[in-house]
Amino acid sequence: MTKKNEEIYLIDGSSYIYRAYHAMGGLSNSKGFPTNAIFGFCNMLAKTMRERAPKRIAVIFDAKGPNFRYEIYPAYKANRPPTPDDLQIQIPRIHEIVEAYRIPSISVPGFEADDIIAALSRLAADKGWKVTIVSGDKDLTQLVSDGISMWDPQRDVTYDREGVSKKFGVFPEQMLDFLALVGDSSDNIPGVPGIGPKRAIALLQEFGSLEGIYTNIDRVAQKSVKEKLVGNKDNAFLSRKLAELRFEVPLPVQPEDLVVQEQDSEALREIFKELEFKKLLEELPARRCLDFSGYCTISTMEELLEWVETFRRVRRFAVDLETTSTEPMRAKLAGLSFCAESGKACYLPVGHTQGSQLKKDEVLTVLRPVLEDETIFKFGQNIKYDMIVLKREGITVKGITCDTMLASYLLDPSRRGHSLDDLAESCLEHRTIRITELIGTGKNQILFSEVDIENATKYACEDAEVTCRVAEILCPRLETEGLTKLMNEVELPLIPVLVDMEIAGVRIDIPYLRTLSEEFGEMLKSSEEAIYEMAGEPFNINSPKQLGEILFKRLGLKGVKKTKTGLSTSLEVLEELALEHELPRLILGYRSIYKLKSTYVDSLVNLVNPETGRIHTSYNQAVTATGRLSSSDPNLQNIPIRSTEGRKIRAAFIPDDGYAYVAADYSQIELRLVAHISGDERLKQAFIAGEDIHAITAADVFGCSLAEVVPEMRRRAKEINFGIIYGMGPFKLAGRIGVGLKMAKQYLEDYYRTYAGVRQYMEEVPERAKRDGYVTTILGRKRFLPDLNNPNKIAQQAAKRMAVNTTIQGSAADLMKLAMIRVHDALKKTGLPARMILQVHDELVLEVREDVAREAQTLLKREMEHVYPLSIPLVVDTAIGKNWDEAH
DNA sequence: GCGATACA
DNA sequence: TGTATCGC
């Protein structure tokens, strides 16, 4: 009896494992457990389940041990190296995952997965079922027929009879003969040596089959081909036997039994969590474990006063604002939510377009004393945002004792994603209501103030409750990890500093930028013309694809360098190519100008806030793995520092009328920290003596006196010093200073001989980190480096460099943050008409009323230099100017 | 040596 | 979603 409309999916498990393993190198979770094969396999499986949702399905694996092919041909797969360890340990997890999906899995001793698939697909096809083989392996296309097709979810292509022919040039029934001729080096199947895919296709198209070829062997025109075929007839037929799939497999199950059951989502959640498969976790059915019944909307003054009483009584609560924008300087307040104890939360709408609400001003008047009372503790998630919005409403929030985003960041700065949604998932195993569920996405997005109050209440109360609960989990964790002090003395006190900086913003010289835009535009135009001229046709220079066409096809330059999705056109490659052709040099110039023009010159104007007339760069405190701040809109860290173009952009940052800039930057803070932390006496002495450190290094490395150091020697020494900080290898160093590899090695050797303390330090840091699992900075900031135990040597080396570099960069970041807090305090105490407006790299910039510029300069230098007691002096260079460039 | 942001 | 360029 044939059943219509029945279908079955047969997944070629083993081949996906190998494919994933080889396609993705180095993937592992934060504990260093390799996950590349599992990841690739899971994605394939998840995609199949998501898009096809088959009722009948099985994953087929190779069985352990030999199979019949070895008996026919002992050398079968002989050249295949044994399964690598880091793949082997992934395999049990893959089986667990298949089990958790409740998908039947099959393997049969003595047979390969391909044979089992062959047998099953024939059985199912005979019943009239539609069979889909899930695989990317061309060997299996020999099974494709009317009822059997093959699908590769990775490339998302389906092969039916025509598809196979189109892709491989032969029909499914010829595939076996094709394989017999071509062989398979990875399985050590010989085929006919000298016959490649092209020739095999031609032969099969002409003679139909292997037998056809050999019965008509005299008609093979090319003599050499004929000789090869004749000489290797046995090989050809042996190869066919090896590639031929067996249908008579003793199957442990029948196709009818291969029914998928409901997946065990909890088991999958556990596994994905451990492996850190974020996207797959996200795809699991949401688990919403918070109870909304204790949530309420505040719509009367009585209710509000009652809540305020509660805040005064319990003396700690979580706050969260709902607004109309993610940019705090543009956001309009829609409402506030609070949570003082788990299970209970309230939403206080003040700016919704519909529904009855209390008046914002009255509400804020009632809330102000509580929010500004520093003895009543507040928790928040990225509370800097809320503080900016509230400060614009005239309220200075005090008493922040926990920011869940920062807590999460301190606990694991390399983790990406410290959003409330992430924390709810990882700390509470709760899937929060997503903002897009309320306001939609893209063009149809509405403002939060337009959301109806009932839904807004659920959303906002949930956020407040999650913040409260997460704070209760993360704060004790900070304590046990020894991070509380860093939190209380650095990260939390830094928040009000950043709040003031972001609110202050910076003035931009718009007319100047317009002329600069024209100037850069002219440069681009002429550069563009020259490029088109040289290329012979106009094209989109910014498209790496089109550029690649021109460079490598049209001009025939050899794109021997890097690839991934085509040939690379990176700086490195273009510089190499510049030796042979002028065009790459022009492209390089074009690119740098274009980037500056588009990301700074033209976009700075768009960032100007219409209300304040200034730009309000946002400083992110929870992004970098080393502890540095990052900035966006605009990203100040990326403005070229030395080039004329970069300086022109900095000149667009100007102080208010009657004000000046005072800029201060730490001189050599990283090398100084190397001296301090490593305790290397010679390096310390150099800094204590206050000498030019690069010149001293030059004298030490090149074995001469300080007076004999010429500029070129100093330049090389400078590169060596950089190399030390960034963990540069001798090869890279050689490239940078333009000497041979041997010479660079010698330099490093000489350096380490002179500064033995530095060498010891650079060796000890990764060792200790390997023991502890993390490195620490001068103020105890941690960064976990699981890759120190990664069997992948490349990843391990990288982690070693990060270990050293993080202690240096991270310590510098610690001190800079401390300095910002000190300077901010000092300015407040002295009441100087000055405010901090920029922080970038190792530099701080104040906007100061002109008449007190010198005073501010002295204060800035003093506070920064005495930020923290060290065994070497910190030196800060300062300058005053009428724009940011001048202040150098 | 990689990171962070921005653009295609 | 991926790649490049600036930075440290």
Locate the shortest heavy-atom distance separating A/Ser630 from A/Gln637; write the atom from each residue and the value. CA-NE2, 3.3 Å

What residue pairs, at least two apart or across chains, pass salt bridge (Lys or Arg N to Asp or Glu O under 4.0 Å) with a residue in residues 797-815 of chain A? A/Arg781-A/Asp814

Least distance between heavy atoms, A/Arg647 atom then A/Ile641 atom: CG-O, 4.3 Å

What contact category does A/Glu670 fall into here, base, sugar-phosphate, or nothing, at under 4.0 angstrom with non-hydrogen atoms? sugar-phosphate

Starting at atom OH of A/Tyr666, determine the distance to atom C1' of C/dC8, rounded to an integer number of angstrom. 16 Å

Counting just side-chain N and O atoms, does A/His841 come under 4.0 Å of either OP1 or OP2 of C/dC8? yes

What's the spacing between A/Asn805 CG and A/Met728 CE if we round to 0.5 Å? 10.5 Å

Can you figure out which of B/dG1, C/dC6, C/dC8 approaches the side chain of A/Ile641 most closely? C/dC8

Is it the case that over 12 heavy atoms from other parts of the model lie below 6.0 angstrom from the OH atom of A/Tyr532? yes

Sugar-phosphate means primed atoms, P, OP1 and OP2; the rest is base. With that split, encode nucleotides 2-8 of chain B 5' to 3' as B, S or - using protein heavy atoms under 4.0 Å. S-SSSSS

With the threshold set at 4.0 Å, does a side-chain nitrogen-carboxylate oxygen contact exist between A/Glu886 and A/Arg650? no

Atom CZ of A/Arg650 and atom C1' of C/dC6: how far apart are they, to the nearest Å? 12 Å

To the nearest Å, give me how far apart CD1 (A/Ile649) and P (C/dG7) are. 11 Å

Would the base of C/dC6 count as contacting A/Gln637 through its side chain, where contact means a donor and an acceptor less than 3.5 Å apart? no

Length of the line joining A/Ile587:CD1 and C/dT5:P, which is rounded to integer Å: 11 Å

Tell me which pairs pass salt bridge (Lys or Arg N to Asp or Glu O under 4.0 Å) where either residue lies in residues 616-644 of chain A, with sequence neighbours left out. A/Arg628-A/Glu670, A/Arg628-A/Asp842

Quick one: label A/Gly729 by what it contacts on the DNA or RNA (base, sugar-phosphate, nothing), any heavy atom closer than 4.0 Å. sugar-phosphate

A/Ile724 has an atom CD1; how far is it from atom C1' of C/dC8, in whole Å? 16 Å

Residue-phosphate contact under 4.0 Å: A/Arg591 side-chain N/O, C/dA4 OP1/OP2: no

Base, sugar-phosphate alone, or nothing: which one does A/Ile725 contact when heavy atoms must sit under 4.0 Å apart? nothing

Separation of C/dA4 P from A/Leu588 CG (nearest whole Å): 12 Å

